[in-house]
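A short worksheet on the structure shown next.
All values derive from a computational prediction rather than experimental measurement.
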Amino acid sequence: MLTYGIREFVVISPGTNCEAIISESKCNLLLSSISISLANSGCQVPMFVQIQQKWRRMYAGECQGPGVRTDFEMVHLRKVPSQYNHLSGLLDIFRSKIGCTLSPLPPVNITIRFTYILQDWQQHSWPQQPPGIELHLATTWPHLTEGIVVDNDVYSDLDPLQAPHWSVRVRTAENPQCLLGDFLSEFFKLCCRKESTEEVLGRGSAEDEGKENSDISSALNKLTEPVAPVPISKLSVSNMVHSARKHIRRHRRIDESPLNTDILNSVLLVRVILPDTGIISLLFPCVQNLFLQLKSAPIDSLTYRLALCVCLVNYNHGGLRAVAHLWQEFVLELRYRWENNYLIYGLAGGPPDLRCCLLHQKLQMLNCCIERKRARDEARKVLEESKERERKVSGSGQNGRPASESATASASKKEVSPGKSWDSWSDSEDEFFECLSDQGEIEAPHTEGEKDGSKSKAEGRLHPYNNMTLLNSTEPLYIPVTQEPAPMTEDLLEEQSEVLAKLGTSAEGTHLRARMQSACLLSDMESFKAANPGCVLEDFVRWYSPRDYVEEEVVDEKGNTVVKGELSARMKIPGNMWVEAWETARVTPARRQRRLFDDTKEAEKVLHYLAVQKPADLTRHLLPCILHAAILKLKEEGEGKMLSHDIKH
């Protein structure tokens with residue numbers, strides 16, 4: 001209680017919607033009740049009651065101690081008398097009130113505080129009416145003795161700038177209406193809605209009737225029709241969105257759309273799809289990893305910008321229906337990018353980051369699928385061009401060799417770009433493959449052993465491994481070109497864990513679980529066998545798991561010290577999965593293996609997952625990003641004020 005100089009006290013005041021205590025009888029009744037309660041309880045903490053209108057901030061109270069009682073009263077004057085405007089006049093009043101009979105009177109100990117209140121915030125531009133905020137600045141001179149300072153109607157030593165103690169506090173309204181709080185509140189309300197996107201935007205009954213009959217034929221046409229090349233002039237983002245909208249039959253009229261074209265283009269293209277400048281990252285490098293603690297998404301990422309735009313659209317452009325419209329168009333844009341091999345901006349490369357929210361992981365997974373599809377289509381194009389050149393060479397017959405011989409010679413040159421080797425194709429359904437490597441392959445030289453058929457031709461070599469040779473020959477040990485492990489999101493990992501756990505602990509279940517987990521191992525073994533003809537399991541272990549190949553120095557029959565190696569103890573356990581996988585592994589390079597990661601299937605799963613998300617599901621996915629953005633906004637405001645203060649000084 002600054003008015004009375006008390007630090008510990010109890011205040012009884014009317015509630016927010018209650019009337020003020022104005023009548024004198026009610027004030028006296030409350031004060032007498034307080035006096036009785038203090039006497040009965042023995043409490044020595046001062047207790048106050050707020051009286052009169054609330055804006056006057058008048059408090060009356062009482063404090064009881066052993067043998068003493070102090071009454072606190074306050075007088076509110078419309079105009080302060082001139083003798084009360086300085087310290088000398090206040091000391092005169094004090095001496096007259098205490099009624100001390102001592103002469104001369106002892107010196108009075110004084111503590112002086114000037115309080116300055118700032119209530120007018122209108123000189124600044126506000127997006128909405130500012131809340132009831134008061135800024136209190138107090139300048140204090142503590143523990144002074146009468147006579148040290150002079151303060152009267154003629155002269156004063158009390159310069160606030162020279163006060164030894166300054167303090168600032170902010171008084172706020174009980175429930176202030178702030179713009180950031182309103183954004184968060186309205187966004188959070190969406191989490192409780194249950195409507196789907198179709199229910200919000202509406203669907204025509206005629207389209208529903210014909211949809212079932214058209215689904216199968218449309219799917220077959222999609223599989224059988226050739227993919228036409230896209231002209232360079234149509235590669236703009238605007239054309240992409242325009243084409244994407246043509247892929248879906250509209251369920252509503254244009255004038256019924258929650259978002260008009262200008263707003264939709266502004267939000268979807270400029271703020272979400274297109275890459276940003278990254279200015280937030282430059283301004284706040286110290287909060288770059290905040291998204292890891294919130295399981296949000298990196299600043300300036302596509303997911304982060306999408307969250308901000310959904311929040312903006314929800315608050316300013318139509319609420320639930322506008323959010324549903326924006327989400328539908330966003331999913332259409334993603335599908336168009338998948339079907340036309342356009343990467344999604346604003347996402348880090350590589351597999352999904354499990355530290356981020358699930359929606360961000362899904363978008364990263366879709367980008368992984370697009371990257372794989374682009375690489376596969378590029379390799380197919382190179383292969384077709386190579387075959388076309390072979391056909392022309394074999395048809396011309398200018399070199400005088402038979403057509404088959406000419407084609408074989410041309411095929412051996414492998415004019416395929418590095419990392420996208422497609423030496424051969426198979427029309428057999430059982431041998432269908434579309435695997436690609438990210439590294440160039442080294443073709444093995446034709447040795448005499450290969451010519452006479454005693455040794456198969458090496459395929460899919462990357463480079464020699466640490467100058468090692470195979471145990472059963474003098475051939476170098478080569479690192480093979482292998483398939484990359486399949487990227488997974490956290491929900492797929494959880495599903496896989498549940499499936500593996502349901503297999504139980506029986507011998508059969510354990511064996512089946514081991515086989516399911518060894519798909520990548522089997523693929524690597526097949527690639528290793530193709531790159532290193534004549535190799536054994538020990539060769540593979542030396543490269544793949546060096547700790548499981550134990551070497552020691554021994555003395556041979558001639559007395560020479562030699563290094564002898566063998567598999568570790570765990571590799572020799574009966575029924576070891578590595579031994580079984582090695583025995584079943586075929587000699588197949590990575591490019592001819594069945595894909596470990598089916599990008600087409602996974603992309604469709606992601607797009608379906610996104611398409612069935614309700615607006616409430618979307619907001620729950622994006623809620624960590626919105627909280628992340630709110631924290632950054634508060635930090636930005638705080639640092640901006642600190643910067644402004646430094647500039648002024």
Side-chain angles (χ1 to χ4, degrees), residues 125-129 177-203 237-238 240-242 244-246 248 250-276 280 296-297 299-336 344-346 357 359-360 363 610-630 632-633 636:
S125 59
W126 293 82
Q128 67 173 30
Q129 184 67 23
Q177 296 297 316
C178 300
L179 185 62
L180 181 59
D182 291 345
F183 267 97
L184 295 177
S185 299
E186 292 300 320
F187 188 84
F188 186 74
K189 289 178 182 179
L190 285 181
C191 298
C192 304
R193 303 297 295 265
K194 299 181 180 180
E195 299 91 334
S196 65
T197 302
E198 289 78 9
E199 291 172 343
V200 173
L201 299 179
R203 167 178 287 180
V237 178
S238 299
M240 294 180 197
V241 176
H242 179 69
R245 290 169 183 164
K246 290 183 178 179
I248 184 172
R250 288 298 179 193
H251 305 313
R252 58 187 181 278
R253 296 192 303 272
I254 298 299
D255 56 353
E256 294 177 347
S257 298
L259 294 175
N260 61 49
T261 304
D262 293 337
I263 294 178
L264 183 63
N265 288 340
S266 174
V267 173
L268 188 62
L269 301 186
V270 178
R271 303 190 183 188
V272 179
I273 299 299
L274 293 181
D276 210 294
I280 299 180
S296 168
I299 300 175
D300 285 348
S301 66
L302 173 64
T303 313
Y304 186 88
R305 295 199 301 270
L306 175 64
L308 297 181
C309 289
V310 169
C311 189
L312 177 67
V313 165
N314 175 59
Y315 189 80
N316 291 331
H317 299 293
L320 178 65
R321 297 188 72 245
V323 170
H325 186 191
L326 174 63
W327 179 242
Q328 185 184 70
E329 297 291 339
F330 181 77
V331 175
L332 281 175
E333 171 69 16
L334 294 180
R335 173 165 289 282
Y336 182 81
I344 305 171
Y345 292 111
C357 63
L359 181 61
H360 188 77
L363 297 177
L610 298 178
V612 300
Q613 295 297 301
K614 299 178 180 179
D617 300 327
L618 174 64
T619 53
R620 281 191 287 268
H621 280 302
L622 297 177
L623 188 58
C625 299
I626 291 298
L627 296 178
H628 182 187
L632 292 184
K633 183 61 178 177
E636 177 187 357

Candidate pair Tyr304 and Leu632, rule side chain to side chain contact (heavy atoms under 4.5 Å, CB included), full reasoning
CA-CA 12 Å; Tyr304 186 88; Leu632 292 184; 3.2 Å; yes

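- For the pair Leu622 and Ala307, the tightest heavy-atom approach, listed with the atom from each and the gap, is CD1-CA, 3.8 Å.
- The side-chain hydrogen bond (donor to acceptor under 3.5 Å, both in side chains) check on Asn314 picks up nothing, with sequence neighbours excluded.
- You'll find the side chain of Thr303 reaches within 4.5 Å of the side chain of Cys625, heavy atoms only.
- No side-chain heavy atom of Leu623 sits under 4.5 Å from any side-chain heavy atom of Thr619.
- Inter-residue side-chain proximity for Leu332 and Glu329 is flagged as met; some heavy-atom pair is nearer than 4.5 Å.
- Partners of Ser301 according to the side-chain hydrogen bond (donor to acceptor under 3.5 Å, both in side chains) rule, which considers only residues two or more places apart in sequence or in another chain, do not exist here.
- When the side-chain contact (heavy atoms from CB on, under 4.5 Å) test is applied to Ser196, the partners found at least two apart in sequence or on another chain are Glu198, Glu199, Lys614.
- Taking the side-chain contact (heavy atoms from CB on, under 4.5 Å) definition, one finds that Ala324 meets it with Thr197, Val200, Leu201, Pro615, sequence neighbours left out.
- Rounded to the nearest 0.5 angstrom, Ile344 CD1 and Leu334 CG are separated by 5.0 Å.
- In terms of the side-chain hydrogen bond (donor to acceptor under 3.5 Å, both in side chains) criterion, residue partners of His621 (sequence neighbours excluded) are, by chain and number, Tyr609, Gln613.
- Glu195 is linked by a salt bridge (Lys or Arg N to Asp or Glu O under 4.0 Å) to Arg193, counting only residues two or more places apart in sequence or in another chain.
- Separation of atoms NE2 (His317) and SG (Cys309) is listed at 9.5 Å; rounding is to 0.5 Å.
- Taking the side-chain contact (heavy atoms from CB on, under 4.5 Å) definition, one finds that Ala630 meets it with Leu180, Leu184, sequence neighbours left out.
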